[in-house]
A.B. asks: 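One structure coming up, written as structure tokens, with questions to follow.
This chain uses plain numbering: 1 for the first residue, then up along the sequence. These numbers come from the heavy atoms of this one structure, side chains and all, not from hydrogens, waters or symmetry mates.
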Amino acid sequence: MAEPGGPEVLCLGETMSLVSPASPVPLEQAPVFTLSAGGAESNVAIHLAALGHRVGWASRVGDDPLGRRLVATIAAAGVDTGLVEVRSDAPTGVYFKDPTPQGTRVHYYRAGSAASTMDEDFLPDDVLDAPQVLHLSGITPALSAGCDRLVRHLLTRPRRARITFDVNYRPALWPVAQAAPELRELAQLADTVFVGLDEATALWGVETPEDVRKLLDRPSVVVVKDGADAAHALGAEAVTVPAPEVEVVEPVGAGDAFAAGFISGVLRGADAVRCLRLGHLLAAHSLLSTEDHTASPDRADLARWLDLDEGRWRALSFGAG
């Protein structure tokens, strides 16, 4: 159990400075840009904090203006950044979003970043044992040999916290031939796994949520996100919840929002249907913006949407206007 006043959830992984067009136009045509913090695990932390959870984020950043800015940004969102270490010998990573009609491309400038220097000695046992949930992603082991050892250590050590693991395959970081067996091995060690059906197909050649569950048979729950159609929670029983219709502005970051919604539901003791619905609602809100994380929906609205009957839920839609 979390210590009184301590984090319920600890999210661990790299966050970079994110440069995005202020409007959803291609990078080379954009006249105005925004500078924010972008990282899968800190995105989850920010969403969880907005939902009222005590959450911390652990990582390393460079001793530079970008590192100080992104730590301040994440702290201002209500996330405990006390476990972030500053390195003077390595920079904060940067990446750029490039929205195009064919989809959003991402350009990384993260080689040799401060976060890539993390290894299995990064956090002491008492810190790791404090929260109820430790959230990791498949991005971290791709950053360096030390980061790979860190994730393996976290997943194999005796633990009190439940580990949630978002597969989060990034082709720009490692080829599928290398990533596929390692991400399956790591996912099998987690308690709850999040994976998109499209990335599961790319990694492992599976075609259905049931195929994913057969491949990942050790976690207590495997959550398979099937794009704009539905999400499936496959545990002791299988539960499917259709996704609301969304007028998508830009998709990057929606998976992190979904994971945060589902984790929030679990922490509140909700059943699988409500956990999936909350994941869908946060993801839908994220899809309406070019930012990796946006202000969360009003809690009263969330409560109202969560309580919709099946017919009204299936008719639910969100527009960018």
Side-chain angles (χ1 to χ4, degrees), residues 1-2 8-11 40-41 44 47-48 51 53 55 131-138 151 154-169 180 183-201 203-244 254-284 302 305-308 310 313-314:
M1 297 295 291
E8 298 171 87
V9 183
L10 178 61
C11 301
E41 299 84 3
V44 172
H47 286 297
L48 284 168
L51 292 172
H53 296 284
V55 57
Q132 296 179 48
V133 175
L134 175 62
H135 181 70
L136 308 172
S137 88
V151 173
L154 296 174
L155 285 164
T156 56
R157 65 182 290 276
R159 62 186 188 246
R160 292 170 57 188
R162 290 180 57 82
I163 293 184
T164 55
F165 182 81
D166 194 332
V167 171
N168 245 327
Y169 173 52
L183 287 173
R184 182 190 178 194
E185 179 185 356
L186 296 175
Q188 286 278 62
L189 296 169
D191 298 296
T192 299
V193 175
F194 299 96
V195 64
L197 185 57
D198 55 347
E199 64 182 337
T201 300
L203 285 166
W204 306 309
V206 294
E207 297 182 355
T208 69
E210 293 74 23
D211 292 338
V212 179
R213 183 52 170 161
K214 289 177 183 177
L215 190 77
L216 303 178
D217 58 348
R218 296 181 186 173
S220 298
V221 180
V222 177
V223 179
V224 181
K225 301 163 289 180
D226 190 4
D229 292 332
H232 312 263
L234 305 169
E237 59 182 5
V239 176
T240 298
V241 172
D256 305 326
F258 185 99
F262 190 93
I263 292 168
S264 177
V266 171
L267 288 169
R268 298 180 189 279
D271 61 23
V273 170
R274 291 179 75 86
C275 289
L276 290 170
R277 281 191 175 193
L278 189 51
H280 278 314
L281 290 169
L282 264 65
L302 283 176
W305 294 326
L306 287 171
D307 286 336
L308 291 175
E310 182 67 17
W313 172 264
R314 288 180 177 273

A.B. asks: Checking the side chain of Asp256 only, and the main-chain atoms of Val44 only, is there a donor and an acceptor separated by less than 3.5 Å?
C.D. replies: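 It does not hold such a pair.
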A.B. asks: Is there a side-chain contact between Phe258 and Asp166 (heavy atoms, below 4.5 Å)?
C.D. replies: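 Answer no - side chains too far apart.
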A.B. asks: Please examine the side chains of Leu302 and Leu51, heavy atoms only from C-beta on, and report whether any two atoms are closer than 4.5 Å.
C.D. replies: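 Yes, at least one pair of side-chain atoms sits under 4.5 Å.
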A.B. asks: Do you know which two heavy atoms are closest between Ala187 and Pro219, and how far apart they sit?
C.D. replies: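 Looks like O-CG, 3.4 Å.
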A.B. asks: I want to check something: taking the side chain as every heavy atom from C-beta on, are Pro131 and Arg162 in contact at a cut-off of under 4.5 Å?
C.D. replies: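 No, side chains not in contact.
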A.B. asks: Side-chain contact test, heavy atoms from C-beta onward, threshold under 4.5 Å: evaluate it for Phe165 versus Leu183 and give yes or no.
C.D. replies: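 A side-chain contact exists here, since the closest heavy-atom pair is under 4.5 Å.
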A.B. asks: So, Asp211 versus Thr208: side-chain donor-acceptor pair below 3.5 Å or not?
C.D. replies: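 Their side chains do contain a donor-acceptor pair, which is all the 3.5 Å distance test asks for.
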A.B. asks: Going by side-chain contact (heavy atoms from CB on, under 4.5 Å), name the residues that satisfy it together with Leu308, two or more places apart in sequence or in a different chain.
C.D. replies: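 In terms of side-chain contact (heavy atoms from CB on, under 4.5 Å), with neighbours along the sequence ignored, Leu308 is linked to Arg277, Trp305, Arg312, Trp313, Leu316.
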A.B. asks: Donor-acceptor pair, His280 side chain versus Val241 backbone, under 3.5 Å?
C.D. replies: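 Yes; at least one donor-acceptor contact below 3.5 Å.
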A.B. asks: Could you measure the distance from the CG atom of Leu134 to the OG1 atom of Thr164? Nearest 0.5 Å is fine.
C.D. replies: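 If I round to the nearest 0.5 Å, the distance is 7.0 Å.
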A.B. asks: Which heavy atom of Ala161 sits nearest a heavy atom of Asp191, and at what distance?
C.D. replies: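 The answer is O-OD2, 4.2 Å.
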A.B. asks: Quick one: pull up CZ in Arg160 and CD in Gln132 and give me the separation to the nearest 0.5 Å.
C.D. replies: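 So the CZ of Arg160 and the CD of Gln132 are separated by 10.5 Å.
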A.B. asks: Identify the two heavy atoms, one from Ala243 and one from Gly227, that lie closest to each other, and give their separation to 0.1 Å.
C.D. replies: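 The answer is CB-O, 4.4 Å.
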A.B. asks: Please identify each residue that fulfils side chain to side chain donor-acceptor pair (under 3.5 Å) with Arg314, with sequence neighbours left out.
C.D. replies: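 Testing Arg314 for side chain to side chain donor-acceptor pair (under 3.5 Å), a comparison that skips the adjacent residues, returns Glu310.
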A.B. asks: Just to verify, what does Asp226 make a salt bridge (charged side-chain N to carboxylate O under 4.0 Å, His left out) with, not counting sequence neighbours?
C.D. replies: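 Applying salt bridge (charged side-chain N to carboxylate O under 4.0 Å, His left out) to Asp226 gives none.
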A.B. asks: How far does CZ of Arg157 sit from CD1 of Ile163, to the nearest 0.5 angstrom?
C.D. replies: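 So the CZ of Arg157 and the CD1 of Ile163 are separated by 8.0 Å.
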A.B. asks: Looking at every non-hydrogen atom in both residues, tell me the closest pair between Val222 and Arg213 and how far apart they are.
C.D. replies: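 Minimum heavy-atom contact is CG2-NH1, 3.2 Å.
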A.B. asks: Kindly write out the residues that satisfy salt bridge (charged side-chain N to carboxylate O under 4.0 Å, His left out) with Glu210, not counting sequence neighbours, or none if the list is empty.
C.D. replies: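 Partners of Glu210 under the salt bridge (charged side-chain N to carboxylate O under 4.0 Å, His left out) test: none.
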A.B. asks: Tell me the closest heavy-atom pair linking Asn168 and Ala40, and the distance in Å.
C.D. replies: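 Distance-wise, the nearest heavy atoms are ND2-CB, 3.5 Å.
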A.B. asks: How many angstroms lie between CG in Leu234 and CG in Asp217, if you round to the nearest 0.5 Å?
C.D. replies: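 One finds 12.5 Å between CG of Leu234 and CG of Asp217.
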A.B. asks: Are Val167 and Leu203 close enough that some pair of their side-chain heavy atoms sits under 4.5 Å apart?
C.D. replies: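 Yes, their side chains come closer than 4.5 Å.
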A.B. asks: Would you give the length of the straight line joining atom CG of Asp229 to atom CG of Leu197, rounded to the nearest 0.5 angstrom?
C.D. replies: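 Rounded to the nearest 0.5 Å, the CG-CG separation comes out at 9.5 Å.
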A.B. asks: Would you please name every residue forming a salt bridge (charged side-chain N to carboxylate O under 4.0 Å, His left out) with Arg274, sequence neighbours left out?
C.D. replies: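 With neighbours one apart ignored, the set is Asp307.
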A.B. asks: Could I get the full list of side chain to side chain donor-acceptor pair (under 3.5 Å) partners for Ser264, not counting sequence neighbours?
C.D. replies: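 Partners of Ser264 by the side chain to side chain donor-acceptor pair (under 3.5 Å) criterion, ordered by chain and then number, come out as His53, Arg268.
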A.B. asks: With the side chain counted from C-beta on, respond yes when Phe262 and Leu278 share a heavy-atom pair under 4.5 Å apart, and no when they do not.
C.D. replies: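 No, their side chains stay 4.5 Å or more apart.
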A.B. asks: Would you check if Leu216 and Gln188 make a side-chain contact, meaning some heavy-atom pair closer than 4.5 Å?
C.D. replies: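 Yes; the side chains approach each other to less than 4.5 Å.
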A.B. asks: For Leu281 and Leu306, which heavy atoms make the closest approach, and how far apart are they?
C.D. replies: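 Nearest heavy atoms, Leu281 then Leu306: CD1-CD2, 3.9 Å.
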